[in-house]
Protein chains: 4
Amino acid sequence: MDTADLKPEDPEDGGGATRAVRKQGQNGSVSRRLILDMAAALFSHQGFTETTVRQIAAKVGMQAGSVYYHFESKEQMLGEILSIAVRSTYMAVKGSVESLPIEATPKDKIKAAIRAHLQSLHGNFDYTATNVKYQGQVPNVVERAVQPDRESYTEYWNQLIAAAAAAGELSPDLNLPFLRPLILGSLNRTINWYDPGRGDIETLVRTVLVLFDGLWSRAEAAGSEGGGST
Amino acid sequence: MDTADLKPEDPEDGGGATRAVRKQGQNGSVSRRLILDMAAALFSHQGFTETTVRQIAAKVGMQAGSVYYHFESKEQMLGEILSIAVRSTYMAVKGSVESLPIEATPKDKIKAAIRAHLQSLHGNFDYTATNVKYQGQVPNVVERAVQPDRESYTEYWNQLIAAAAAAGELSPDLNLPFLRPLILGSLNRTINWYDPGRGDIETLVRTVLVLFDGLWSRAEAAGSEGGGST
Amino acid sequence: MDTADLKPEDPEDGGGATRAVRKQGQNGSVSRRLILDMAAALFSHQGFTETTVRQIAAKVGMQAGSVYYHFESKEQMLGEILSIAVRSTYMAVKGSVESLPIEATPKDKIKAAIRAHLQSLHGNFDYTATNVKYQGQVPNVVERAVQPDRESYTEYWNQLIAAAAAAGELSPDLNLPFLRPLILGSLNRTINWYDPGRGDIETLVRTVLVLFDGLWSRAEAAGSEGGGST
Amino acid sequence: MDTADLKPEDPEDGGGATRAVRKQGQNGSVSRRLILDMAAALFSHQGFTETTVRQIAAKVGMQAGSVYYHFESKEQMLGEILSIAVRSTYMAVKGSVESLPIEATPKDKIKAAIRAHLQSLHGNFDYTATNVKYQGQVPNVVERAVQPDRESYTEYWNQLIAAAAAAGELSPDLNLPFLRPLILGSLNRTINWYDPGRGDIETLVRTVLVLFDGLWSRAEAAGSEGGGST
DNA sequence: AATGAATGAGCCTTCATTCAT
DNA sequence: CATGAATGAAGGCTCATTCAT
């Protein structure tokens, strides 16, 4: 599957074997989030395996061993990063779609979703890039942990598309099973090449919406997208 | 940049001091290519760093040390795999485009290129997947070696697009600088999710061509592509 | 050149990227010096290349990997051992010479230097033996690091000899450029054969001083050496 | 012990386990000696362990495997090199001493021996340097093989010295057991530092003889050495 | 004689992880 | 909370050596 999920942060500790049971209220201590940020920055640029716990610790200003007070393992860090990435994008997209006016058509919703997805992607680069680049190559344990998040988001898109199809808004020449992964894959891949030098995100959004014009059934004219969410 | 190149053989030795001096070329002992195949299979599924030379050797049925009779380093293997991936796709695309009838328009050429790219991608999965998934995270030495190949292919696409633009065939609403990476990125990303269970490659090609219908300027009707090249 | 230097601590870090940053200096955790001692013992008896980091670690009672918490590389260990060897001998010699009475002649000084050199050599066998035996076959990186130390000591001897020559105390039949390396070489080579069973160090010193009697110009009688420093 | 032996070349194969039983008459095939020469050159400059069989083969212009047609092992090569070194020096020294006029005193003989030793040392640098530098750090198997050669030469010097002592020609202040190793050690160590730039071998010889003037009992005047043998 | 290809043991080094303080 | 020190399992790579051709 090719997605990137989201959803709010819930406890989800999992009960580590050792300590690393942080006693925080419901969020992570400052250090915890800081570590995650640094890890995400490193993972997204060098890759997970290529990143050393020592490097992460160094960027935070602590010793490698200290990291283990906050996390059970390097993999756990990755898992949390992926979850955050997926959930935050999910929330952004969902929020954007739901804030559309009542009259919004499925087509409008998909357009809004595309915009929100791209914005979230590039707005949380370190996290989402880690997610996108490692799609499918993540250690099993971790993958299993993020899977539910991924599926939620995936399912959300499936519904958006199904609704459009039901409304007859989608071009009949499209092979539906390919649609969601094709769209999300195209968007996600921008992580690999997007460079502000070529144009800003909004321009990217517009170009994508134009390029994807074949999505829509010929009944309607080319759509001038409008719902700038987020 | 987001591409996958090709082109004939470059020097690119690396100047090893010891053995492993013969190498690619058109000969390449049987073992050599076999090793490369196994390495590509492993790299594309587990990632470069996650793959052990011992694993590669095991798949070939030899000892880890023996691999070093054929290659100077694990990185050199990666380099050759990437080159093969990029070059073979380039040649496939170029060949496909050039075999179009004289009357072929730039639009026809781009469509043929898209089809050939997708076919090459999924027809040499292990090699191209290694290339696509590692885009931008490849060790410097290796990246430097493949760069020329990448650029050649990139440039080829730039020309295809420029020609279409010059011919007024492209939608004026598109931000040109985004176009090539967006298209190639979308195609390349299929490596991450395409599954024959959802439909065959030709169906994928058709869906992509429909989806990308927004590429073309509204002067013409939506194009039902036809020229199955390659 | 054939020498064995000494002198105070130089920068000479090497700039490791990871840990093992603290190092020499005046602290040096207990382990650190212990490792060095064991390494020197092994190096001096088996040679650098022939000695395994695992062997060193075993002698210290730790795991091979643990050694790398204290040193960046096996070569770094060698470098420090050589430096210690050279510097300690230098200091011993210099100290000995400087503690001679004011009236001491250049000849007296050379004699004292010979005695101190031999004493230091055999008093820190593992370190100095490593240095002497590896003279000229040390890895480049290491050699470069110790070079300044070597040169300081060499220079010190050059001055001692020059002073004696200026005072007309040296036999005119000697080819000066050969003198220092010849003397130091003779002394250093004792590392390869000296065995307490044949006589103690002081006896060795006296024999050397007698043997080298040709050093002195015939104006004076054979010298009964006196300045027993250290 | 600190020596360097000699003696004519005798079969001394040893009966290898594999092949490498060369069928030559009584000397080695051309290749054989060539390989030895290259090995000696490499060993003397980089050290035994640091030298690769592949390097040796490369200098000879053959493949690593081919070397094993001529030698059973790298160690065997070293053994032969050491033997050659020791024997050739022995022969040179012995020949030089024996060619002295009948009236030659023990003192004359020792002087001639010193000269011949130095000449042989520097006249067969690659071989003798390998021997001198590796004194005492040679693999057991090899050491055992060369030991007889070393002892012969050592014994020869012992006799020269004993004769001089018996003749009352040696200074009574010398500790006899130190004498031979001290002298030979001094001479051998020149291998580590001698550089034609500082003066030629003959000058070196003269300087050594002057320096060692303390050898002789004061009954006689300082000796101006004369018997330039070889 | 010589080579190409492979073996297998071992080496240096890295790194996630642990744990007493 | 944090650190210093150590562990132990691997991993990439080297190299003497073998052997069929």
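Residue numbering restarts at 1 for every chain, and letters A, B, ... go by the order of the sequence lines. Values below: every heavy atom of this structure, side chains too, minus hydrogens, waters and symmetry copies. From a predicted model like this one, the values you see are computed outputs, not experimental measurements.
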Just by distance, do the side chain of B:Thr52 and the backbone of B:Gln55 share a donor-acceptor pair under 3.5 Å?
-> no
Pair assignment for F:dG8, Watson-Crick or G-U wobble, requiring both distances under 3.5 Å = E:dC15
Rounded to whole Å, the CD-P distance (C:Gln46 to E:dC11) equals 11 Å
B:Tyr134 OH to B:Leu78 CG distance, which is reported to the nearest 0.5 Å = 8.5 Å
With a 4.0 Å cut-off on heavy atoms, is D:Thr49 in touch with a base, just the backbone sugar-phosphate, or nothing at all?
-> nothing
Interatomic distance where CZ belongs to B:Arg33 and P belongs to E:dA5 [whole Å] | 17 Å
Between C:Glu75 and A:Gly65, name the one whose nearest nucleotide on DNA chain E is closer to the 5' end.
-> C:Glu75
Send over the distance from D:Phe48 CZ to F:dC15 P, rounded to a whole Å.
-> 13 Å
Please determine if a side-chain N or O atom of B:Ser66 lies less than 4.0 Å away from the OP1 or OP2 oxygen of E:dA5.
-> no
Could you check which nucleotide pairs with E:dT3 in any of the strands shown, counting Watson-Crick or G-U wobble with both distances under 3.5 Å?
-> F:dA20
Please determine if a side-chain N or O atom of C:Gln63 lies less than 4.0 Å away from the OP1 or OP2 oxygen of F:dG8.
-> yes
Rounded to the nearest 0.5 Å, the OH atom of C:Tyr127 sits from the CG atom of C:Leu36 at a distance of 4.0 Å
Min side-chain heavy-atom separation C:Tyr68-C:Val53 under 4.5 Å | yes
Whole-Å distance separating the OH atom of B:Tyr69 from the P atom of F:dC13 | 18 Å
Figure out the NZ/C1' separation between D:Lys74 and F:dT18, and round it to whole Å.
-> 17 Å
Shortest side-chain distance from C:Ser31, nucleotide among F:dA16, E:dC12, F:dA6 | F:dA6
Does B:His70 make a side-chain N or O approach to OP1 or OP2 of E:dA6 shorter than 4.0 Å?
-> yes
Assert: residue with more 5' nearest nucleotide on DNA chain F, out of C:Val67 and D:Ser73, is C:Val67
Winner on side-chain proximity to A:Arg54, out of F:dT3, E:dG8, E:dA16, is E:dA16
Distance-only, no hydrogens or angles: does the B:Thr51 side chain make a donor-acceptor pair with backbone N or O of B:Gly47 under 3.5 Å?
-> yes
Could you state the atom-to-atom distance from CZ of B:Phe71 to P of E:dA6 in whole Å?
-> 11 Å
Please state how far atom CE in D:Met62 lies from atom P in F:dT17, giving the value in whole angstrom units.
-> 16 Å
Starting at the 5' end of DNA chain F, which residue's closest nucleotide do you reach first, B:Thr51 or D:Thr51?
-> B:Thr51
Could you state the atom-to-atom distance from CD of C:Gln55 to P of E:dC11 in whole Å?
-> 7 Å
May I ask you to evaluate whether C:Tyr68 reaches the phosphate of E:dT14, defined as a side-chain N or O under 4.0 Å from OP1 or OP2?
-> no
